[in-house]
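Note that ligands are numbered from 1 as they come in the structure, with each ligand's atoms numbered from 1 the same way.
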Amino acid sequence: MSSTIRTRIAPSPTGFLHLGTARTALFCWAYARHFGGQFVLRIEDTDVARSTQEAVDQIVAAMRWLELDYDEGPFFQMQRIERYREVIAQMLAAGTAYHCYCSTEELDAMREAQRARGEKPRYDGRWRPEPGKTLPPVPQGVAPVVRFRNPSDGVVSWNDLVKGPISISNRELDDLVIARGDAVTPDGVGTPTYNFCVVVDDWDMRISHVIRGDDHVNNTPRQINILRALLGPNGALPVYGHVPMILGPDGDKLSKRHGAVSVTQYQDEGYLPEAMINYLARLGWSHGDAELFSREQLVAWFDGQHLARSPAQWDPAKLGWVNAHYLKQRSDASLATLVAAQLARRGIDAAADERLARLCALYKDRCATTVELADWIGMYFVDVQPGEDDLRTHVTDAVRPALVALRDRLVEVAWDKASIAAAIKATLAEHGLKMPQLAHAVRVLVCGRSQTPSLDAVLELFTREQVLWRLRTA
Ligand code: GLU
């Protein structure tokens with residue numbers, strides 16, 4: 001079975017790759033990788049008015065950042081229009097689709113009348129050919145839509161990978177428009193509609209498992225019926241799996257209101273791809289009580305079981321915890337590269353060198369993101385502005401003489417942690433002060449804040465000139 005597993009992610013380039021789609025992409029990718037199959041990227045760009053190249057680029061960049069490598073694609077639906085038209089023409093010829101000449105007014109009136117009778121509005125099949133039925137006369141100058149001839153009875157059933165068995169009565173489904181009444185070709189076929197393109201794509205791309213958000217669950221019976229019409233009664237359908245939404249921390253649908261919703265924004269905000277992968281995987285899937293696991297472990301475990309039926313909730317605190325874990329796993333050199341990029345976004349030109357790596361080593365334990373790391377490390381590159389309150393509280397008359405004395409000592413000492421520590425110690429003894437009194441004051445002046453890691457380690461990574469300059473106001 002392994003070589004036949006083919007999954008796909010099919011984002012619409014009407015915006016950035018959002019977290020829900022990224023999570024679905026991850027599941028599809030992991031499923032394909034687990035079974036040694038293939039993963040396909042398909043860009044669903046038929047909404048021409050809202051699709052942009054920028055969004056396509058961003059989707060591709062986000063997939064690359066998350067290392068969700070695809071084996072085929074990106075395929076673009078707009079490049080496949082002829083193929084969809086060809087299939088529609090075949091369906092018209094086979095009688096599984098038909099032209100409908102209803103005008104918008106007619107359809108409105110139809111629905112109005114149905115509502116008035118207390119019925120659910122639906123297409124009433126007036127142009128649907130039936131044996132012995134006489135169709136209305138074809139009106140002049142009306143470009144027809146093409147409708148799929150949905151089976152009129154029976155049920156559509158599938159065993160959803162996530163939700164279990166689902167059955168929908170065909171009476172619930174009316175004859176879906178599969179081509180619009182525009183841009184009509186000589187055989188009477190306009191622009192194909194979304195639900196139709198998806199079916200042809202999944203068929204042509206030999207997709208074995210359609211794993212997607214459960215906002216598409218209502219499309220599935222229609223898509224299955226169309227696919228059956230194309231494949232014949234014995235054709236093999238893909239397995240469908242509908243993953244529940246991701247909800248915001250307040251239980252509402254995840255939206256901008258809850259903060260970042262695009263994958264690239266998390267990249268900008270200092271999250272690591274391995275943390276995003278780990279965190280996203282746990283939204284709606286579990287493996288025992290495993291919370292922290294590598295990409296390789298995920299692939300080894302992800303067999304389509306243990307997908308949750310209820311919606312997952314976005315938890316920024318947990319994501320922070322996961323990211324902090326992976327931050328500590330990273331080498332200092334790789335953190336330096338990321339922090340240099342974060343600093344560059346602030347207009348600070350810092351080389352990803354040995355010193356920056358040492359700075360990352362010093363501060364990473366207290367940070368959840370590379371943005372927080374850059375918040376610490378920025379003070380090594382730009383001057384700080386101590387707050388009035390901090391100055392008043394910590395840089396007191398009682399401490400000031402010791403600060404002057406320490407500064408004098410620091411002019412002379414060797415610039416390393418041990419010598420700096422010795423200078424501090426000697427100053428404390430000389431002035432009868434306790435470490436926190438002096439250390440807080442030095443931190444406020446040099447770092448602009450009163451809490452930092454061990455002072456000698458913090459000072460050592462500044463230049464002597466920087467420290468002397470910042471202590472001058474004591
Ligand atoms: N283009 C659809 C979306 O972005 C996905 C459709 C599908 O997966 O079948 O929601």
Side-chain angles (χ1 to χ4, degrees), residues 5-32 37-60 62-63 66 68 70 72-81 84 148 156 158 160-163 166 168 176 178 191-227 230 237-246 253-255 261-264 280 283-284 304 307 311:
I5 299 289
R6 288 172 61 86
T7 60
R8 84 313 192 263
I9 187 70
S12 305
T14 52
F16 41 69
L17 188 77
H18 61 77
L19 295 166
T21 310
R23 193 262 317 249
T24 307
L26 174 60
F27 286 178
C28 293
W29 173 87
Y31 195 75
Q38 287 107 43
F39 173 56
V40 176
L41 173 60
R42 178 167 85 219
I43 304 287
E44 301 202 324
D45 55 353
T46 52
D47 184 348
V48 180
R50 292 172 57 230
S51 296
T52 65
Q53 182 59 42
E54 194 194 347
V56 173
D57 295 345
Q58 215 178 7
I59 288 167
V60 169
M63 301 274 293
L66 293 173
L68 298 179
Y70 35 91
E72 292 171 30
F75 296 111
F76 293 86
Q77 288 189 322
M78 285 309 287
Q79 292 172 9
R80 293 178 38 80
I81 297 290
Y84 307 136
F148 170 60
V156 198
W158 76 95
D160 198 277
L161 190 64
V162 183
K163 295 179 184 287
I166 298 182
I168 306 288
L176 185 76
I178 58 174
T191 310
T193 57
Y194 169 72
N195 262 309
F196 182 74
C197 300
V198 170
V199 172
V200 177
D201 287 346
D202 287 339
W203 179 34
D204 283 354
M205 296 171 194
R206 304 184 322 283
I207 300 302
S208 66
H209 289 72
V210 174
I211 301 169
R212 58 185 169 193
D214 68 0
D215 46 334
H216 288 284
V217 77
N218 291 337
N219 291 332
T220 303
R222 300 173 188 285
Q223 294 182 3
I224 288 177
N225 280 339
I226 298 175
L227 200 51
L230 293 170
L237 296 173
V239 172
Y240 291 88
H242 292 91
V243 192
M245 321 243 82
I246 302 175
K253 193 173 175 237
L254 190 66
S255 74
V261 287
S262 87
V263 171
T264 40
L280 286 171
L283 287 177
L307 286 159

Fill in: Whether Tyr240 and Trp158 hold their rings parallel, tilted or perpendicular, with breakpoints at 30° and 60°
perpendicular
Discussion item. Between Arg8 and Asp201, does any side-chain N to carboxylate O distance fall below 4.0 Å?
Written reply: no
Discussion item. Below 30° counts as parallel, above 60° as perpendicular, anything between as tilted: where do the rings of Phe196 and Tyr84 land?
Written reply: perpendicular
Worksheet item: For the residue pair Arg42 and Asp202, what are the closest heavy atoms and their distance?
Response: NH1-OD1, 2.8 Å
Discussion item. Enumerate the salt bridge (Lys or Arg N to Asp or Glu O under 4.0 Å) contacts for residues 208-218, please, sequence neighbours excluded, ordered by first and then second residue.
Written reply: Lys163-Asp214
Discussion item. With a 4.0 Å heavy-atom cut-off, what residues sit around ligand 1?
Written reply: Arg8, Ala10, Pro11, Ser12, Glu44, Tyr194, Val198, Arg212, His216
Practice prompt. Could you grab the distance from atom OG1 of Thr46 to atom CZ of Arg80, nearest 0.5 Å is fine?
Written response: 12.0 Å
